[in-house]
Number of protein chains: 2
Amino acid sequence: MNELPSRKTLPRLDESLLKHLPPFSRLERREIRAILDQATSRRYDVGVAIFDEGAVAERFFMLLDGYVRVVRITPTGEQVTALHIPAGQLLGIAKAIGKDTYPATAMTATDSVVLSWPTRLWGRFVSEYDGFSTETYKTVGKRLGELNNRIVEMATLQVEQRVANAVLRLINQTGRKVEDGIEIDFPITRQDLSELTATTLHTVSRLLSGWEKQGLVQSKRKRITVLDPHALVVLSQG
Amino acid sequence: MNELPSRKTLPRLDESLLKHLPPFSRLERREIRAILDQATSRRYDVGVAIFDEGAVAERFFMLLDGYVRVVRITPTGEQVTALHIPAGQLLGIAKAIGKDTYPATAMTATDSVVLSWPTRLWGRFVSEYDGFSTETYKTVGKRLGELNNRIVEMATLQVEQRVANAVLRLINQTGRKVEDGIEIDFPITRQDLSELTATTLHTVSRLLSGWEKQGLVQSKRKRITVLDPHALVVLSQG
DNA sequence: CAAAATCTTTGTCCCAGCGCAAACTCCGGC
DNA sequence: GCCGGAGTTTGCGCTGGGACAAAGATTTTG
């Protein structure tokens, strides 16, 4: 993950922050300037909630750096992770789907930097900024597709395959090349993985141990490095 | 389900068909007339595909009567049902989420009647018709929410609870009061239910038999009647 | 640097529910 | 009214992986 100035207010926001991000990429410098001037920037430590399921959606967000887990909490207190959102995507866009409250909780999976705007600006963004709404709906579509895939996965695959898939997805989205393989770019516990794959941390632990013995992965506390992605792909296919 | 003229062309489409459906409800008679004049109406027998996953999205649809299952087929040929869509909703709206192909297959769960328009009209509908896009995105949001719920459900509930939930959802969406309870308003097999709940038809059969012995439901071939919804709710809570 | 908290590993037990197999029932068609 | 196919029921054996338990390892805190 990139190094970022922590805690203290960021220096005046630079246009280049947004220029290359799809929802804004068609805009002119002047427009981006206006958007930035209305934004609030904030840094969150790992493991805190950016917003909570059910809360009134007072703001919408752009994740500038870090990763966010979208989780839902069941009546019995279990957490289920629905999605991982990488930097560069909008989140908390309840308005885009006609809701006034957030449909899930967003927790930082790493220290993260986020811009946000009051929801009342949503309508203006949609109507005034070329490409904003199109790109937004592409994001929504992508997430729909991912949820759909996870349902199919959970319905048809065994735990080992699901975990393999989850790890592969994570290294695709967030992988970083390291000396001897590809490492998941943020700290992730067995528990986290189990919440992503609908199993228990014990089972995940056993699987990772097994894979490590076979030389497919290497893992320390909160870190997973994939040494042999291809073998994992094979595993994930059943 | 209503009786409908089969196969042959329907009589001239009446404005009242659309007037009360959310995406069109804010429109004036004249606008609805124009929309109808551009629509193709078609009746589908039960069990056929309206469109297939991956196909180029040449048209989008409004389900006027019947029920549609949104299914995905895995590499190994298993079917997983992601959603049930009741009459009155749009479907095949790939354009709304920035896609050019359909993200899943839509199969009729009953004989159904569907209007459709060429995708190239999508842009015009969105820009010209007041409320159309808002309502459409609400639909998308609703589906996102449902998928989300199903993930949570599959991640945390036992099979019996999932099946109970599925049955309850179906009677909520599509239930019809009959003499001694509420019946699911379309033919549904054990197999269908198992595809909705990620289990096997055998397990579903056993569960239904059990429930029937306890007097909670009554079922014949392709028909399920819930006699004691409350008891099912209790079951579904674990 | 000791103590506490967090994360991980591993062992043992056990059962929900799947796979397989076979029989039964209902329905539509000829 | 009989036949064939689709849908359903039920029995039985097996196993993936969850539950519970406990100990180790690593990091954080005071």
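Numbers restart at 1 for each chain; the letters A, B, ... are given by sequence-line order, proteins then strands. It should be emphasised that the depicted structure is a prediction, and the values quoted were computed from it without experimental measurement. For the numbers below, each heavy atom of this structure counts, side chains included, while hydrogens, waters and symmetry mates do not.
Considering only side-chain atoms of R206(B), the nucleotide from dG17(D), dT8(D), dG11(D) that sits closest is dG11(D).
For the pair T110(B) (side chain) and Y67(B) (backbone), a donor-acceptor distance under 3.5 Å is present.
No side-chain donor from either of T199(B) and T197(B) sits under 3.5 Å from a side-chain acceptor of the other. Q191(A) and T189(A) share no side-chain donor-acceptor pair at under 3.5 Å. With hydrogens and angles left out, the side-chain atoms of E160(B) and W211(B) include a donor and acceptor closer than 3.5 Å. Looking only at atom types and distance, the side chain of S219(B) has a donor-acceptor partner in the side chain of R190(B) under 3.5 Å away. A donor and an acceptor atom, one from each side chain of R59(A) and S116(A), are located under 3.5 Å apart.
In terms of phosphate contacts, T203(B) brings a side-chain nitrogen or oxygen within less than 4.0 Å of OP1 or OP2 of dC18(C). Using a 4.0 Å cut-off, no side-chain N or O of T200(B) falls inside it from OP1 or OP2 of dG19(C). Between dT10(D) and S209(B), a contact under 4.0 Å exists linking OP1 or OP2 to a side-chain N or O. Phosphate proximity of dT9(C) to S205(A): present, with a side-chain N or O under 4.0 Å from OP1 or OP2.
In this structure, the CG atom of L193(A) is 11 Å from the P atom of dT9(C), given to the nearest Å. We find that CD of E78(A) is positioned 12 Å from C1' of dG18(D), with the value rounded to whole Å. The distance between atom CG of L207(B) and atom P of dT8(D), rounded to the nearest whole Å, is 14 Å. For Q158(B) and dG18(D), the CD to C1' distance is 10 Å, given to the nearest whole Å. Atom-to-atom, CG of L201(A) to C1' of dC20(D) comes out at 12 Å; the value is rounded to the nearest Å. Atom CD of Q161(B) is separated from atom P of dG18(D) by 15 Å (rounded to the nearest Å). Atom-to-atom, CD of Q191(B) to P of dC18(C) comes out at 12 Å; the value is rounded to the nearest Å.
A salt bridge is absent between R162(A) and E153(A): the closest approach of a Lys/Arg side-chain nitrogen to an acidic carboxylate oxygen does not fall below 4.0 angstrom.
Sorted by residue number, the members of residues 211-223 of chain B with any non-hydrogen atom under 4.0 Å from DNA chain C read R221(B).
When the local axes at the two ends of the helix from dC1(C)-dG30(D) to dC30(C)-dG1(D) are compared, using 5 base pairs at each end, they differ in direction by 50° after rounding to 10°.
Taking 4.5 Å as the limit, some side-chain heavy atom of T156(A) sits within range of a side-chain heavy atom of V80(B). A 4.5 Å side-chain heavy-atom check between L90(B) and F61(B) finds every atom pair outside the cut-off.
L208(A) comes within contact range of no nucleotide atom at all, as no heavy-atom separation falls under 4.0 Å.
No donor-acceptor contact under 3.5 Å links the side chain of H202(A) to the base of dT8(C).
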